[in-house]
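For reference, the structure discussed in these notes is given below.
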Amino acid sequence: DAMVIQNPRYQVTQFGKPVTLSCSQTLNHNVMYWYQQKSSQAPKLLFHYYDKDFNNEADTPDNFQSRRPNTSFCFLDIRSPGLGDAAMYLCATSRGLTTDTQYFGPGTRLTVL
Amino acid sequence: GESVGLHLPTLSVQEGDNSIINCAYSNSASDYFIWYKQESGKGPQFIIDIRSNMDKRQGQRVTVLLNKTVKHLSLQIAATQPGDSAVYFCADFYNQGGKLIFGQGTELSVKP
């Protein structure tokens with residue numbers, strides 16, 4: 001049974017056209033993360049929510065935003081996608097911010113035309 | 001560890017052999033380490049973890065070794081199977097800021 005669900009699995013958008021990626025979880029975890037992963041690279045943390053508290057990484061571009069309307073859902077908004085934003089976007093959850101295991105979703109592959 | 005470069009190290013093993021995947025980390029203050037397996041087109045999957053007060057931990061067919069003196073972590077997979085083919089990432093937990101720092105990743109290929 002899926003615990004971290006991402007939709008859609010594949011997303012194609014046009015250069016500059018806003019896009020929203022979705023993540024939901026059935027684990028009732030407090031923390032939800034968004035990572036960007038480019039080909040042959042490790043996941044790179046963009047930001048996370050601890051409950052409703054948002055924590056942005058210092059090097060995350062302003063083009064990337066996130067919303068968490070409730071415990072179960074978290075969204076990644078890319079306001080004006082560029083060609084360099086084509087990547088796999090991974091959502092993860094954990095119970096807390098300490099050494100709790102992070103559980104990843106299957107990812108959304110974003111293509112920018 | 002810190003992710004650098006665009007070319008993943010690769011390891012090719014024969015089915016049934018043991019595999020050893022290595023990882024170096026840079027933050028001497030890290031106290032929690034995790035190995036993730038990522039199959040093509042999927043998200044990372046937790047394999048095993050170890051805390052800094054241990055130097056060895058065993059799971060099903062997997063063993064993680066931690067050498068804090070040289071800041072080195074290894075993952076040993078016994079009797080490697082074709083289903084083990086994937087990219088393996090080590091990650092260490094950076095307590096200030098509460099985030100994982102992923103290493104570069106190693107691509108394991110299992111030959112039948």
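Each chain gets a letter, A, B and so on, in the order its sequence line appears, and its residues count up from 1.
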Is there a path of hydrophobic side-chain contacts, each under 4.5 Å between heavy atoms of I, L, V, M, F, W or Y residues, that connects [X] with [Y]?
X     : Y     : result
A:F64 : A:M32 : no
A:W34 : A:V19 : yes
B:Y25 : B:M54 : yes

Shortest non-hydrogen contact from B:P44 to A:L90?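 What the structure gives for the nearest pair is CD-CD1, 3.7 Å.
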Locate the shortest heavy-atom distance separating B:G103 from A:A42; write the atom from each residue and the value.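 In terms of heavy atoms, the two residues are closest at O-CB, 3.2 Å.
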Do other residues, nucleotides or ligands put more than 12 heavy atoms under 6.0 Å from the [atom1] atom of [X]?
X     : atom1 : result
A:D62 : CG    : no
A:R95 : CZ    : no
B:Q60 : CD    : no

A:T101 versus B:Y32: any side-chain heavy-atom pair under 4.5 Å?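 A:T101 vs B:Y32: side chains touch.
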Decide yes or no on side chain to side chain contact (heavy atoms under 4.5 Å, CB included) for A:Y33 and B:K99, but give the supporting numbers first. CA-CA 10 Å; A:Y33 306 82; B:K99 64 180 182 181; 5.7 Å; no
Could you tell me which portion of B:E39 (side chain, backbone, both or neither) has an atom closer than 4.5 angstrom to a non-hydrogen atom of chain A?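 Answer is neither: B:E39 stays 4.5 Å or more from chain A.
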A:Q37 side, atom CD; B:F102 side, atom CZ - distance, nearest 0.5 Å: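 Rounded to the nearest 0.5 Å, the CD-CZ separation comes to 8.0 Å.
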Measure the spacing between CZ of A:R9 and NZ of B:K42 and express it to the nearest 0.5 Å.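 Spacing of CZ (A:R9) from NZ (B:K42) equals 8.5 Å.
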Just so I understand: if I count every heavy-atom pair under 4.5 Å between each of A:Y103, A:F104, A:Y35 and chain B, which residue has the most?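 Counting heavy-atom pairs under 4.5 Å, the top option is A:F104.
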